Trainee: 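Following this message is one structure expressed as structure tokens.
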Amino acid sequence: MRKLRSSLFLRYSLSVALVALVIAVMLAVELRSDMSETVAFLVALVALLVLLGAVTVWTQRTLTADLEELSGAMQRLILEGELDRMPQPRLAELNNLAQEMDAVASRVREDYRQLTRERDRLRAVLDNISAGVIVVNRKLKIDMINPVAEELLGTTGEYALGRTFTEIHHSPVIDRAIEKSRRGAVVNKEIQITLPRRRWLRVLASPVKSKKGRTTGVICVIEDITSRRKLERVRRDFVANVSHELRTPVANMRAVVEALLAGASEEPEAAARFVADLDRESKRLVDIIEDLLVLSRLETSGAAGEAGPFSLVEVVREVMREKEDLARRYEVEAAFADPGTEVPLRGDRNLVKTAFANLLDNAVKYNRPGGRVDVSLEQGEDSVTLRVSDNGVGIPAADREKIFERFYRVDKARSRDTGGTGLGLSIVKHAAEFHGGTVSVASTEGRGSTFTLTLPE
């Protein structure tokens with residue numbers, strides 16, 4: 001700019017000096033000339049002044065146009081970051097300025113591209129992490145919010161940006177955490193919200209500080225821990241249920257042993273009865289432990305055994321033969337509508353067999369003397385449906401959603417009499433999910449139930 005000013009000053013100085021020289025010469029001639037020469041002098045002077053004015057106007061307009069082009073180019077570069085090269089000025093005095101601005105533009109373009117890459121990388125990270133992120137400035141206005149936070153709080157980025165947290169969600173605990181963090185503290189809390197739906201959230205609010213140590217904003221990380229809380233509750237309930245279920249057979253076995261030690265072993269009839277009770281309770285204890293081991297493997301590792309091809313018809317026939325004595329003991333007729341052809345399936349054969357055995361076992365035990373159980377197979381385009389229907393006692397409507405839970409029993413007294421562990425239907429559900437299938441129930445209290453197990457081929 002200094003060179004530009006010097007060049008323009010020199011140009012105008014030379015022009016003025018030239019005009020002054022011409023006028024001085026003409027005045028000297030005028031003193032020796034007549035009237036006609038005076039007129040000629042004045043005409044020449046006016047022409048010279050007009051020429052000088054035209055040069056001045058052209059120079060001013062050219063300079064203004066060049067500066068406007070350079071200024072517009074710089075604005076496009078700063079606002080849009082899109083400029084290949086600075087425009088070339090018409091005035092030679094602006095060439096140096098254009099070159100200097102072109103060098104600055106190159107650095108700006110590179111910085112802009114770098115910032116764009118960093119911004120896109122940051123946006124990709126924020127959009128794909130599983131936690132919600134909110135960034136607020138010193139005035140507690142939201143500068144950034146990612147999609148997870150929008151979903152957790154029931155808002156949109158378009159609405160949230162530029163507003164305070166109180167304006168987008170009514171949660172005094174989070175609002176106080178942000179306010180406290182703005183004063184320099186790190187806040188870590190677990191809270192429960194009810195809108196847009198009931199959730200448990202872990203909130204971590206941390207201050208954002210400048211190089212001088214001043215707090216310039218707050219970053220708030222929100223994590224949905226609802227499933228973790230539910231899992232913790234399920235585990236507590238599971239431990240309590242296991243303790244209760246194991247305590248009963250163990251206590252019964254202990255009582256039988258004490259009775260035998262107290263002298264019942266010397267009475268043949270009492271001893272036989274106590275030994276039979278001991279055998280029944282020990283079998284029940286073994287069944288509970290085995291079912292717990294199966295559930296544990298399914299829930300922790302997601303696998304129960306080796307998977308491979310097998311015939312579902314063969315599995316059903318095998319289980320039907322094994323349950324013949326059970327059906328006779330409960331005076332229930334069990335029938336299988338054998339399709340007569342093999343139904344191929346791929347998966348864990350033992351797990352599918354256990355699931356079907358549990359369904360058939362329940363259909364027989366929760367039936368009436370003279371009742372009936374019908375088993376059928378239906379092969380679809382890409383799945384196989386196994387149905388177990390009975391005309392037994394049925395399931396009350398209030399219990400149908402809970403029967404697949406661990407240790408849940410509709411009739412606890414009858415379950416104890418039949419030796420049920422309360423884990424059979426839970427194993428069926430996990431076995432179906434392990435194979436990518438489903439299990440459902442349709443039942444009418446007092447008229448029977450139909451369990452439908454669908455497995456993909």
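The model shown is predicted, which means the values in this text are computed figures rather than measured ones.
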Trainee: Are Arg176 and Glu179 close enough, and set up right, to give a salt bridge (Lys or Arg N to Asp or Glu O under 4.0 Å), and what steps lead you there?
Mentor: CA-CA 5 Å; Arg176 286 195 296 269; Glu179 177 63 36; over 6 Å; no
Trainee: Do the charged groups of Arg329 and Glu324 touch, with an N to O distance under 4.0 Å?
Mentor: no
Trainee: Rounded to the nearest 0.5 Å, what separation is found between the CZ atom of Arg229 and the CG atom of Leu201?
Mentor: 10.5 Å
Trainee: Contact between Val313 and Asp338 at the side-chain level, heavy atoms closer than 4.5 Å - yes or no?
Mentor: yes
Trainee: Considering all heavy atoms of both residues, which atom of Ala177 and which atom of Ala205 are nearest to each other, and what is their separation?
Mentor: O-CB, 3.8 Å
Trainee: For the residue pair Val393 and Asn367, establish whether any side-chain heavy-atom pair is separated by less than 4.5 Å.
Mentor: no
Trainee: Do the non-hydrogen side-chain atoms of Met144 and Val133 ever get within less than 4.5 Å of each other?
Mentor: no
Trainee: How far apart are the closest heavy atoms of Ser171 and Ile191, and which atoms are they?
Mentor: OG-CD1, 3.8 Å
Trainee: Find the distance between CG (Leu453) and OG1 (Thr438) and round it off to the nearest 0.5 Å.
Mentor: 7.5 Å
Trainee: Any side-chain heavy-atom pair from Phe336 and Leu377 closer than 4.5 angstrom?
Mentor: yes
Trainee: With no hydrogens and no angle check, is any side-chain donor or acceptor of His170 less than 3.5 Å from a backbone partner on Leu195?
Mentor: no
Trainee: Does NZ or CZ of Arg163 fall inside the cone over Phe165's six-membered ring, less than 6.0 Å from its centre and within 45° of the axis?
Mentor: no
Trainee: So which atom in Leu152 and which in Ile193 form the shortest heavy-atom distance, rounded to 0.1 Å?
Mentor: O-CD1, 3.9 Å
Trainee: Before giving the answer on side-chain contact (heavy atoms from CB on, under 4.5 Å), spell out for Val384 and Glu378 the whole-Å C-alpha distance, their side-chain angles and the decisive distance to 0.1 Å.
Mentor: CA-CA 6 Å; Val384 177; Glu378 180 180 341; over 6 Å; no
Trainee: In plain terms, say whether Asp390 and Arg372 are close enough for a salt bridge, that is, a side-chain N and a carboxylate O under 4.0 Å apart.
Mentor: no
Trainee: Applying side-chain contact (heavy atoms from CB on, under 4.5 Å), run through Arg387 and Phe451 and close with a yes or a no.
Mentor: CA-CA 6 Å; Arg387 289 188 177 88; Phe451 284 84; over 6 Å; no
Trainee: Taking Leu455's backbone N and O only, do any of them form a donor-acceptor pair with Ser383's side chain (distance below 3.5 Å, no angle check)?
Mentor: no
Trainee: Can you name the side-chain hydrogen bond (donor to acceptor under 3.5 Å, both in side chains) partners of Glu158, sequence neighbours left out?
Mentor: none
Trainee: Considering residues at least two apart in sequence or located in another chain, which fulfil the side-chain hydrogen bond (donor to acceptor under 3.5 Å, both in side chains) criterion with Ser311?
Mentor: Glu342
Trainee: Is any side-chain heavy atom of Thr452 closer than 4.5 Å to a side-chain heavy atom of Thr385?
Mentor: yes
Trainee: Which heavy atom of Tyr159 sits nearest a heavy atom of Glu167, and at what distance?
Mentor: OH-O, 3.4 Å
Trainee: Backbone N or O of Leu326 within a donor-acceptor pair of the Asp361 side chain at under 3.5 Å?
Mentor: no
Trainee: Just verifying a value: how many Å separate Asn137 CG and Ile142 CD1, rounded to the nearest 0.5 Å?
Mentor: 9.5 Å
Trainee: Report yes or no: does Ser181 contribute a side-chain atom to a donor-acceptor pair with the main-chain N or O of Ala185 at less than 3.5 Å?
Mentor: yes
Trainee: Could you walk me through whether Val428 and Leu359 pass side-chain contact (heavy atoms from CB on, under 4.5 Å), step by step?
Mentor: CA-CA 8 Å; Val428 173; Leu359 291 177; 4.1 Å; yes
Trainee: Quick test of your reading: applying side-chain hydrogen bond (donor to acceptor under 3.5 Å, both in side chains), list the pairs with at least one residue in residues 200-210, sequence neighbours left out, ordered by first then second residue.
Mentor: Glu190-Arg202
Trainee: Do Ile403 and Val441 pass the side-chain contact (heavy atoms from CB on, under 4.5 Å) test, and can you show the C-alpha distance, the side-chain angles, and the key distance before you say yes or no?
Mentor: CA-CA 9 Å; Ile403 58 174; Val441 60; 3.8 Å; yes
Trainee: Would you sort out whether Arg273 and Asp277 count as a salt bridge (Lys or Arg N to Asp or Glu O under 4.0 Å), showing the intermediate values?
Mentor: CA-CA 6 Å; Arg273 187 173 66 255; Asp277 292 342; 5.2 Å; no
Trainee: Side chains of Val203 and Val187, heavy atoms from C-beta outward: is any pair under 4.5 Å?
Mentor: no
Trainee: Do the non-hydrogen side-chain atoms of Arg400 and Ser443 ever get within less than 4.5 Å of each other?
Mentor: yes
Trainee: Got a salt bridge between Glu232 and Arg228, using NZ or NE/NH1/NH2 to carboxylate O under 4.0 Å?
Mentor: no
Trainee: Quick test of your reading of the model: are Glu118 and Arg121 salt-bridged, counting only N-O distances below 4.0 Å?
Mentor: yes
Trainee: Compare every heavy atom of Leu345 with every heavy atom of Pro456, then report the nearest pair and how far apart it is.
Mentor: O-CD1, 3.3 Å
Trainee: What pair of heavy atoms forms the shortest contact from Met320 to Leu360, and how long is it?
Mentor: SD-CD2, 3.6 Å
Trainee: With salt bridge (Lys or Arg N to Asp or Glu O under 4.0 Å) as the rule and sequence neighbours excluded, what pairs involving residues 139-154 come up?
Mentor: Glu151-Arg199
Trainee: Tell me, please, which residues at least two apart from Lys189 pass side-chain hydrogen bond (donor to acceptor under 3.5 Å, both in side chains).
Mentor: none
Trainee: Keeping the roles fixed (side chain from Thr155, backbone from Ile168), state whether a donor-acceptor pair exists under 3.5 Å.
Mentor: no
Trainee: If I take atom CG from residue Leu126 and atom CG from residue Leu122, how far apart are they, to the nearest 0.5 angstrom?
Mentor: 4.5 Å
Trainee: Among pairs that include at least one residue of residues 424-441, which meet salt bridge (Lys or Arg N to Asp or Glu O under 4.0 Å), considering only residues two or more places apart or in two chains?
Mentor: none
Trainee: For the atom pair OG1 (Thr164) and CG (Asp175), what is the distance rounded to the nearest 0.5 Å?
Mentor: 7.0 Å
Trainee: Assess, by modelled atom type and distance only, whether the side chains of Ser389 and Asp374 contain a donor and an acceptor separated by less than 3.5 Å.
Mentor: no
Trainee: Between Arg138 and Thr215, is there a side-chain heavy-atom distance shorter than 4.5 Å?
Mentor: no
Trainee: Looking at Arg117, I'd like to know if its CZ atom is crowded, meaning that more than 12 non-hydrogen atoms belonging to other residues, nucleotides or ligands lie closer than 6.0 Å.
Mentor: yes
Trainee: For the backbone of Ile395 and the side chain of Asp399, can you confirm whether one donor and one acceptor N or O come within less than 3.5 Å of each other?
Mentor: no
Trainee: Should the heavy atoms of other residues, nucleotides or ligands under 6.0 Å from CZ of Arg214 be counted, would the total exceed 12?
Mentor: no
Trainee: How many angstroms lie between CG in Asn358 and NZ in Lys353, if you round to the nearest 0.5 Å?
Mentor: 12.0 Å
Trainee: Return yes when atom CD of Glu401 has more than 12 non-hydrogen atoms of other residues, nucleotides or ligands closer than 6.0 Å, and no otherwise.
Mentor: no
Trainee: In terms of heavy-atom contacts, does CZ of Arg447 have more than 12 from other residues, nucleotides or ligands at under 6.0 Å?
Mentor: no
Trainee: With salt bridge (Lys or Arg N to Asp or Glu O under 4.0 Å) as the test, would you mind laying out the steps for Lys323 and Glu318 before giving the verdict?
Mentor: CA-CA 9 Å; Lys323 297 296 180 179; Glu318 185 177 328; over 6 Å; no
